[in-house]
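Here's the structure, in structure tokens; my notes come after.
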Amino acid sequence: YISILLLHVWAVFVAFLREFELAFLLPVALSTFIFSLIFDKFYKSFLFIFSITTLILVVMLYSGEWQTEYTVALAALYSGAIMADIILKRRNEYQQEIQRREDQYITLVENMNDGLIYLDLQLKITYVNDRFCEITGHNREEVTGKHILNVYPSGDAAKTMMRFFSDLSGGKTVRMEGQMLRQDGTLVSVQMAGAP
């Protein structure tokens, strides 16, 4: 934040050296507004805009470079603080809504009656829910990052499962019955449904 503030103080100084040419002053004003949006709180954003804008105004008055057409740029900057507040509020509302939906989704996934597995393109397990752990006896840490065939028996059952995952990788929605290997070495019959 300090480096951004210093960068804009330097930009005001350069604008002063260029005698506050409008072609240079407007990009400084635009940059001040855009960078004000990185602050997470309104008062920080407002303080940043207010500091830079007031510095521009003071330097203009002190150097005798003040002209009436600059009023528009400075007024736009001051009102930009209010715009920044609206944008920051909207951004926070969107983030809260995304978090709320994500929490709902996680709750749904964790409390569903079916075991759920997420795989990457290499058929490595990236996520399993609690129900999957109950069905297979495996814990998350044990299977995450492992190839999916680690939880299936070898032989014909593995071939059947590879066909399932091959169809899945090909973009098909697949459903079939098969067997999974429990952590204790026993087999459990499952009905599998998968979608890309």
Walk me through whether R175 and M192 qualify under side chain to side chain contact (heavy atoms under 4.5 Å, CB included). CA-CA 5 Å; R175 181 178 294 274; M192 296 185 15; over 6 Å; no
Find out if a path of hydrophobic residues (ILVMFWY) with successive side-chain heavy-atom gaps under 4.5 Å connects I148 to L181. no
Greater than 12 external heavy atoms within 6.0 Å of Y127's OH: yes
Roughly how far, to the nearest 0.5 Å, is the CD atom of E142 from the CG atom of N150? 10.0 Å
Apply side chain to side chain contact (heavy atoms under 4.5 Å, CB included) to residues R163 and M176 and explain how you reach the verdict. CA-CA 10 Å; R163 189 173 69 247; M176 70 169 35; 3.9 Å; yes
Near K44 NZ, under 6.0 Å, is it more than 12 heavy atoms from other residues, nucleotides or ligands? yes
Could you see if F48 belongs to whatever hydrophobic cluster contains L6? Use Ile, Leu, Val, Met, Phe, Trp, Tyr and a side-chain cutoff under 4.5 Å. no
Rounded to the nearest 0.5 Å, what separates atom SG in C133 from atom CD in Q183? 11.0 Å
Residue F165 excluded, over 12 heavy atoms near CZ under 6.0 Å: yes
Tell me, with the steps shown, if S51 and L47 meet side chain to side chain contact (heavy atoms under 4.5 Å, CB included). CA-CA 6 Å; S51 301; L47 192 61; 4.2 Å; yes
With side chains defined as the heavy atoms from C-beta onward, is the minimum distance between L116 and V128 less than 4.5 Å? no
In a check of side chain to side chain contact (heavy atoms under 4.5 Å, CB included) between V59 and each of I56, L57, L55, which one passes? L55
Side chain to side chain contact (heavy atoms under 4.5 Å, CB included) assessment of Q179 paired with V188: CA-CA 5 Å; Q179 292 182 317; V188 59; over 6 Å; no
Shortest non-hydrogen separation from S63 to F16 and the atoms involved: CB-CE1, 3.4 Å
salt_bridge(R101, E97) N-O dist < 4.0 Å: yes
hydrophobic_cluster_shared for V12 and L5, side chain cutoff 4.5 Å: yes
Give me the atom names and distance for the closest heavy-atom approach of T173 to A195. OG1-CB, 4.1 Å
Over 12 non-hydrogen atoms of neighbours within 6.0 angstrom of CZ in R100: yes
CZ on R140 to CG on D130, rounded to 0.5 Å: 4.5 Å
Hey, does L149 have a side-chain heavy atom less than 4.5 Å from the side chain of M162? yes
Check whether the side chains of Q99 and D103 place a donor and an acceptor atom closer than 3.5 Å, and report yes or no. yes
Determine the interplanar angle of the F132 and H138 rings, folded into 0 to 90°, and report it as parallel if under 30°, tilted if 30 to 60°, perpendicular if over 60°. parallel
Measuring from I117:CD1 to T144:OG1, what's the distance to the nearest 0.5 Å? 10.5 Å
If you compare all heavy atoms of V28 against all heavy atoms of H8, which two are closest, and at what distance to 0.1 Å? O-CD2, 4.4 Å
Could you tell me whether Y1 atom OH has more than 12 heavy atoms of other residues or ligands within 6.0 Å of it? yes
Transitive ILVMFWY side-chain link V14 to Y62, under 4.5 Å: no
Is the shortest side-chain heavy-atom distance between I125 and L119 below 4.5 Å? yes
Atom CG of L121: over 12 foreign heavy atoms under 6.0 Å: no
State the OG-CD distance between S169 and Q122, to the nearest 0.5 angstrom. 9.5 Å
I52 side chain near T32 side chain, heavy-atom distance below 4.5 Å: yes
Side chains of Q95 and N92: does their closest heavy-atom pair fall under 4.5 Å? yes
Could you state the interatomic distance from CG (D114) to CZ (R131), rounded to the nearest 0.5 Å? 8.0 Å
Cluster check I106, M112: I/L/V/M/F/W/Y, side chain < 4.5 angstrom: no
